[in-house]
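What follows is a set of notes on a single structure, which appears directly below.
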Protein chains: 2
Amino acid sequence: MKIGELAHRSGLTPSRIRFYERIGLLKAVDRKANGYRSYPAEAVTILGLIALAQGAGFSLDEIRGLLPADLEHWEHDALVGALTRKVADIETLQARLTRSKAHLLQVIDEIEARPDDIDCATNARRVLTRLLGEDAEMPVASLRAKQF
Amino acid sequence: MKIGELAHRSGLTPSRIRFYERIGLLKAVDRKANGYRSYPAEAVTILGLIALAQGAGFSLDEIRGLLPADLEHWEHDALVGALTRKVADIETLQARLTRSKAHLLQVIDEIEARPDDIDCATNARRVLTRLLGEDAEMPVASLRAKQF
DNA sequence: CCTGACATTCAAGTTAACTTTAAGGTCAAG
DNA sequence: CTTGACCTTAAAGTTAACTTGAATGTCAGG
């Protein structure tokens, strides 16, 4: 299988597949006489697995550390450990998101539920003062992504 | 107030404050005769607000579009709209994280609960086949962050 | 008057995960 | 024998949000 077909079958681009090879995520593959890469059927599975792991929140570096040379021989303990840590990471992030959401809803409420006897400027000051009194959180990259 | 003191009081670095000015997030500030920036007390509030908004998931671009020239005169509708959209974004991300977590836990279980009459390689094939049959998710940047 | 802690600018570097560009080889079909 | 769809490489560009570096200026204290 040439790289174009592998790209088609895995849903990745050829440049991405070559990139993965360059950074050592994919081991160097056989070449035909003309220099073209020639992939075994298993490559589709490997690429699918990489995409899957990425979707679950693993970086390419992490994936490289976990992906075995042979798809049938995994380092169970390292793998289960990494999966377990990722679950914990997700839980941490979920807790943050829950707090962020509650904060945002509170601000929306404070803006919309302003009593008639308080003018906008005063209400703005009030909200600002309360907001800046609480401890701040660090940015969460994924919330700024155009698409997720 | 010079930039060093503002940095100290806001918890940001001077370079970051200058950077915010350069990209138009902070309007150009008064200068002393020697060229040093001279900030009003309000600047601490503005920077605190920017950091807060970042923590809630807003990009600097988004923040620039929402921050008013005068902290007491906000564009209520645009602001409430943006806050509401951000809440929706958070909910979308939370749903994804919940699915990811469930997937990870299922994989952990399939690895650990392998029946004694099935060998590792067979179990690996079984898990892989099931995994790659499901529809994949796109990467979530925040799960790969070193710190969050 | 000198030293050290500040301040200034502009340009370039950082990170991750790719894509794009440029310049060129291969090959089947018409 | 030419066209177009592939393939190759290496290097540079992309994005966001900063930081770092280089070269230089300012100023208060001893």
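Labels below follow one simple rule: chain letters A, B, ... track the order of the sequence lines, proteins then strands, and each chain is numbered from 1. FYI, side chains are in, hydrogens and waters are out, and symmetry mates aren't considered; it's all heavy atoms of this structure.
Across the protein-nucleic acid pair, B:L12 atom CG and D:dC18 atom C1' stand 11 Å apart, rounded to whole Å. Across the protein-nucleic acid pair, B:F58 atom CZ and D:dA16 atom C1' stand 17 Å apart, rounded to whole Å. Residue A:Y39 contributes atom OH, which lies 12 Å from atom C1' of D:dT8 at whole-angstrom precision. Rounded to whole Å, atom P of C:dA5 lies 14 Å from atom NZ of B:K2. Atom CD of B:E5 and atom P of C:dA5 are 18 Å apart (whole Å). Note: CZ (A:F19) to P (D:dA10) measures 15 Å, nearest angstrom. Remark: P of C:dC18 and CG of A:D61 are 12 Å apart, rounded to the nearest angstrom. Following rounding to the nearest Å, B:K32 (NZ) and C:dA7 (C1') show an atom-to-atom distance of 11 Å.
Applying the 4.0 Å criterion to OP1 and OP2 of D:dG25, one finds that B:Y36 has every side-chain N and O outside that range. When the side-chain nitrogen and oxygen atoms of A:N34 are compared with OP1 and OP2 of C:dG25, none of them lie within a distance under 4.0 Å. Taking 4.0 angstrom as the limit, B:S15 places none of its side-chain polar atoms (N or O) nearer than this to OP1 or OP2 of D:dC18. Phosphate contact (OP1/OP2 of C:dT9, side-chain N/O of B:R31, threshold under 4.0 Å): present.
By the 4.0 Å N-to-carboxylate-O rule, B:E5 lies close enough to B:R9 to be salt-bridged with it. Using a cutoff of 4.0 Å between basic side-chain nitrogens and carboxylate oxygens, B:K86 and B:E62 are scored as salt-bridged.
Within the 4.0 angstrom heavy-atom criterion, base atoms lie near B:R18.
Considering B:K27, B:R16, B:R31 as possible partners of B:E21, the one that fulfils the salt bridge (charged side-chain N to carboxylate O under 4.0 Å, His left out) test is B:R31.
Mapping A:I3 and B:T13 onto DNA chain D by nearest heavy atom places A:I3 closer to the 5' end of the strand.
In this structure, a donor-acceptor pair under 3.5 Å is present between the side chains of A:T122 and A:D119.
Closest to the side chain of B:R37, out of D:dC18, C:dA17, C:dT8, is C:dT8.
You'll find the side chain of A:S38 stays beyond 4.5 Å of the side chain of A:K2, heavy atoms only.
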